[in-house]
Chemist: 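Can you keep this structure in mind? I'll have questions shortly.
Values below: all heavy atoms of this structure, side chains included; hydrogens, waters and symmetry mates excluded. In what follows, residues are counted from 1 in the order of the sequence shown. Numbering of ligands and ligand atoms starts at 1, following listing order.
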Amino acid sequence: ASALTGTAKSTWASFLKSIASFNGDLASMTAPPFILSKTSLVEYSAYWTEHPKLFVAPAKEADPEKRALLVLKWFLSTLKQQYSSRSEKLGSEKKPLNPFLGELFLGHWEDEEVGKTVLISEQVSHHPPVTAYSIFNEKHGVKLQGYNGQKAGFASMTINVKQVGIARLRLEKWDEEYLITLPALHIEGLVYGSPFVELEKSTIIQSSTGFFAKIDYAGKGWVGGKSNSVTAELYDNKTGKLLYTISGQWTKELVVKKAKTELERFEHGEKNPTTALTIKPIEEQDPLESRRAWAKVGAAIDKGDYDETGIEKSKIENAQRELRKKEKEEGTAWERRYFTAVDKVDEVDALVERAGKFMKGVLGITPVCMDEPAKTNGVWVFDTKKYDDVVSGRKAEEVRRAGETVLEATE
Ligand SMILES: CCC(=O)OC[C@H](C)CC[C@H]1O[C@H]2C[C@H]3[C@@H]4CC=C5C[C@@H](O)CC[C@]5(C)[C@H]4CC[C@]3(C)[C@H]2[C@@H]1C
């Protein structure tokens with residue numbers, strides 16, 4: 001039976017009809033008000049590191065095989081936050097706000113044991129929507145950077161989402177890099193008006209020291225499987241030996257096994273609470289920072305005043321259109337504050353090639369998720385020079401001017 005009643009039920013029904021003529025651009029859909037979230041998609045980069053201790057753990061491990069296992073554990077621990085935290089908090093998946101070009105989400109996690117982990121997330125492209133992020137813990141030399149976009153389709157009352165992009169984890173102390181690909185997902189429960197994410201197909205992690213993980217996702221009804229099922233296998237590239245498996249439900253408990261013996265169980269519920277992200281109070285934020293930029297829209301959504309939501313949203317959207325038009329006329333382009341798009345990254349290509357060879361040569365399977373276009377409009381990399389220029393104040397003038405243009409345009 002539908003979870004909706006009254007007007008919500010009828011608006012949802014007409015919304016489902018509208019999705020049927022879906023053109024692939026999730027952001028362009030006007031979803032019914034009750035499914036709108038006041039959180040912008042640029043905030044989702046934070047889901048990578050809500051367990052800072054797990055994020056930093058591999059840096060402290062001297063044994064490369066155990067380190068690869070800790071990276072796999074950390075990655076699997078992010079899935080619950082990435083893909084089910086909104087359903088748990090809000091009762092269903094919600095439609096995030098569509099970030100404007102240049103929108104920022106900046107913060108850090110303070111942890112008594114591992115110290116400070118910094119988050120920088122920037123909407124580096126609006127058409128198509130691409131979010132780039134850099135998350136780093138200087139004290140332990142752990143650096144994650146990546147970018148992602150979504151290609152979506154609609155079939156038999158389900159929204160299918162292919163993720164485009166990659167995540168790269170670097171452990172300075174061990175001079176080691178891990179390439180991480182992103183899971184495909186689909187949105188179930190649309191017909192009941194309570195959508196939620198289910199992951200599917202496979203992703204890989206390939207390390208520069210010679211360890212490879214294949215991660216397979218499955219949902220309910222899959223050979224009698226449970227929802228949110230996952231099975232990960234960690235191999236040694238050189239010997240082709242299966243070292244560890246981790247399996248279970250990424251929303252509940254995962255079991256680590258070496259060969260057939262169970263080593264440990266871990267889960268990320270109340271036993272391992274997440275660390276709260278620290279962000280500046282709104283009045284101290286840069287005009288491009290997400291929660292300041294969307295404050296009026298968020299307030300309208302909180303009030304349930306959907307007319308005001310629409311008015312405030314279109315102010316931002318119109319301002320953005322004006323800025324793009326002006327840039328076009330002047331032949332200028334929006335200056336990304338922390339990221340740069342490059343054609344290729346040699347380390348990434350090397351890891352992609354190594355993973356492909358291992359899957360074909362040793363596992364005898366067609367390389368999974370390598371066919372995914374890892375590139376959006378380029379490979380987005382964190383530009384440490386740009387970052388230093390901002391932190392040192394050398395770019396203070398550009399930062400101030402960028403904020404002003406957005407403020408003036410939105411007036
Ligand atoms: C488009 C029609 C519509 O608005 O339907 C409303 C429904 C809430 C379903 C569509 C939305 O579902 C949301 C789930 C979002 C993904 C959740 C997690 C991640 C991981 C993160 O690292 C990158 C972003 C990603 C893939 C989100 C992308 C946007 C998704 C699919 C939202 C849909 C608009």
Chemist: Could you tell me whether Glu65 and Lys258 make a salt bridge, using a distance below 4.0 angstrom between a side-chain N and a carboxylate O?
Modeler: yes
Chemist: Should the pair Lys53-Glu112 be classified as a salt bridge under the 4.0 Å nitrogen-to-oxygen rule?
Modeler: yes
Chemist: With Phe358, which residues qualify under ring-ring contact (aromatic ring centres under 6.0 Å, His included), at least two apart?
Modeler: Phe212, Tyr235
Chemist: Going by an N to O cut-off under 4.0 Å, is there a salt bridge joining Glu43 and Arg291?
Modeler: yes
Chemist: Of all residues at least two apart in sequence or in a different chain, which pass the ring-ring contact (aromatic ring centres under 6.0 Å, His included) check with Phe75?
Modeler: none
Chemist: With sequence neighbours left out, write down each residue that passes ring-ring contact (aromatic ring centres under 6.0 Å, His included) with Phe339, or none if nothing qualifies.
Modeler: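 Phe339: ring-ring contact (aromatic ring centres under 6.0 Å, His included) contacts with Phe382.
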Chemist: Are there any N/O pairs under 3.5 Å between ligand 1 and the protein, and if so, what are their distances?
Modeler:
residue  : atom   : partner : partner atom : Å
ligand 1 : 22 (O) : Gln82   : OE1          : 2.7

